[in-house]
Amino acid sequence: MAGSEVELLDFWASLFGMRVRIALAEKGVQYDYKEENLTNKSQLLLEMNPVHKKIPVLIHYGKPICESNIIVQYIDEVWQNKYPPLLPSDPYLKAQARFWADFVDKIYDAGRRILNTKGEEMEKAKTEFIDGLKVLEGQLGEKPYLTGESFGYADIAMVPLYCRFYALEMIGKMNIEKEYPKLIAWVKRCMERESVSKSLPDPHKVYEFLLERQKKIR
């Protein structure tokens with residue numbers, strides 16, 4: 001498929017953009033990548049996502065699709081003839097995958113607050129974040145992936161957070177690798193996939209970016 005038919009408006013450190021990049025790579029979809037300056041958003045971004053004015057935005061034949069989880073579902077439906085499927089065909093299992101992807105967004109929010117707050121507010125966010133990881137650790141159990149034997153939608157929703165683990169450990173004074181061995185083993189399995197390893201930036205680079213962003217905010 002020609003790259004001009006599919007465009008992605010994104011930012012390299014966006015966890016939500018990483019979801020879309022992984023999904024596109026899983027399906028083998030070629031696309032034009034357009035890096036956005038989030039402090040000076042392009043006119044194209046403002047036109048394609050006038051409601052939220054946020055990345056990522058997938059543009060397919062000139063039509064925009066917004067919100068990362070919605071984009072991943074769209075990719076799975078449009079390129080359903082390309083293996084592997086990202087969502088199961090069984091309605092119940094599909095609902096479960098969507099449930100866990102939604103749950104992951106709550107963990108993302110707690111992680112964001114750890115990085116951007118201090119004192120009691122940070123401690124509250126840490127408690128929510130840790131509780132969320134405990135739930136995911138239990139959900140994994142002895143399964144290789146979050147909802148079963150195959151890498152899919154829920155895993156794509158969660159695995160980008162791995163590139164912020166180092167920053168969360170440094171800023172939030174946590175030891176994720178020590179406390180959640182099943183989750184880390186799952187991350188390593190996911191990282192064996194080229195779609196994941198090539199879509200996630202280096203955690204140390206992400207940490208440096210977040211520190212610089214904190215300085216600017218303060």
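Keep in mind that what you see is a predicted model, and the values were worked out from it rather than measured.
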- Item | Non-hydrogen atoms of Glu177 and Ile184 that approach each other most closely | CA-CG1, 3.5 Å
- The residue among Glu120, Glu123, Glu128, Glu121 that forms salt bridge (Lys or Arg N to Asp or Glu O under 4.0 Å) with Arg113 is Glu128
- Task: Verify the cluster assignment for Val72 and Leu93: are they in a single hydrophobic cluster under the rule of side-chain heavy atoms below 4.5 Å apart?
- Result: no
- Message: For the CE atom of Met18 and the SG atom of Cys163, what is their distance to the nearest 0.5 Å?
- Response: 3.5 Å
- Query: Is there a side-chain contact between Glu192 and Ser197, using heavy atoms and a 4.5 Å cut-off?
  - Reply: no
- Message: Please determine whether the number of non-hydrogen atoms from other residues, nucleotides or ligands lying under 6.0 Å from atom CD of Glu47 exceeds 12.
- Response: yes
- Do Ser195 and Glu26 have side-chain N/O donor and acceptor atoms under 3.5 Å apart? yes
- Query: Does Gln214 reach the main-chain N or O of Leu115 with its side chain, forming a donor-acceptor pair under 3.5 Å?
  - Reply: yes
- Looking only at heavy atoms, which two atoms of Thr147 and Ala154 are closest? And how far apart? CG2-CB, 4.0 Å
- Message: Could you report the tightest heavy-atom contact between Pro64 and Val57, atom names first, then the distance?
- Response: CB-CG1, 3.9 Å
- Is the shortest side-chain N to carboxylate O distance from Asp109 to Lys106 below 4.0 Å? no
- Any chance you could lay out the side chain to side chain contact (heavy atoms under 4.5 Å, CB included) test for Leu15 and Arg112, step after step, and finish with the verdict? CA-CA 11 Å; Leu15 300 177; Arg112 177 188 57 78; over 6 Å; no
- Message: Whether the side chain of Lys182 engages the backbone of Leu140 through a donor-acceptor N/O pair (distance < 3.5 Å, no angle test) should be reported.
- Response: no
- Task: Evaluate the ring planes of Phe151 and Tyr145, with Trp represented by its six-membered ring, and classify them as parallel (under 30°), tilted (30 to 60°) or perpendicular (over 60°).
- Result: perpendicular
- Query: Any side-chain heavy-atom pair from Met174 and Ile114 closer than 4.5 angstrom?
  - Reply: yes
- Message: Quick check for you: to the nearest 0.5 Å, what is the distance between Leu45 atom CG and Ile55 atom CD1?
- Response: 8.0 Å
- Message: Give me the atom names and distance for the closest heavy-atom approach of Asn81 to Val78.
- Response: OD1-O, 4.5 Å
- If you look at every heavy atom in Tyr166 and Pro203, which pair is closest and at what distance? CB-CB, 4.0 Å
- Task: Take atom NZ of Lys54 as the centre, draw a 6.0 Å sphere, and report whether it contains more than 12 heavy atoms from other residues, nucleotides or ligands.
- Result: no
- Query: For the residue pair Phe99 and Phe103, does the interplanar ring angle fall in the parallel (under 30°), tilted (30 to 60°) or perpendicular (over 60°) class?
  - Reply: parallel
- Message: With a sphere of 6.0 Å drawn around OH of Tyr162, does it hold more than 12 non-hydrogen atoms of other residues, nucleotides or ligands?
- Response: no
- Query: Within the side chain of Glu36, is there an N or O that forms a donor-acceptor pair under 3.5 Å with the backbone of Lys41?
  - Reply: no
- Does the pair Asp155/Lys143 count as a salt bridge with the N-to-O cut at 4.0 Å? no
- Message: Would you compute the distance between atom CG of Leu200 and atom CE of Met191 and round it to the nearest 0.5 angstrom?
- Response: 5.5 Å
- Does Val206 reach the side chain of Phe165, with side-chain heavy atoms less than 4.5 Å apart? no
- Measure the spacing between CD1 of Ile65 and CG of Asn49 and express it to the nearest 0.5 Å. 11.0 Å
- Qualifying residue, where the test is salt bridge (Lys or Arg N to Asp or Glu O under 4.0 Å) with Asp76 and the options are Lys27, Lys82, Arg98, Lys94: Lys27
- Determine whether Lys134 and Tyr180 make a side-chain contact, defined as any pair of heavy atoms from C-beta on separated by less than 4.5 Å. yes
- Message: Quick check for you: to the nearest 0.5 Å, what is the distance between Leu58 atom CG and Met48 atom CE?
- Response: 11.5 Å
- Cluster link Ile70 to Tyr31, ILVMFWY, side chain under 4.5 Å: yes
- Flag if over 12 foreign heavy atoms under 6.0 Å of CD, Glu35: yes
- Query: So do Leu146 and Tyr153 actually touch side chain to side chain, heavy atoms under 4.5 Å?
  - Reply: no
- Item | Note, Ile71 side chain near Pro56 side chain (heavy atom, < 4.5 Å) | yes
- Considering only heavy atoms from C-beta outward, does the side chain of Asp10 approach that of Val20 to under 4.5 Å? no
- Between CZ on residue Arg164 and OH on residue Tyr108, distance to nearest 0.5 Å: 9.0 Å
- Message: Looking only at the aromatic ring of each residue, does the gap between the centers of Phe209 and Phe11 stay below 6.0 angstrom?
- Response: yes
- Can you name the closest pair of heavy atoms from Gly111 and Leu168 and give their distance? O-CD2, 3.5 Å
- Item | Flag side-chain contact, heavy atom, 4.5 Å: Glu137 against Pro181 | yes
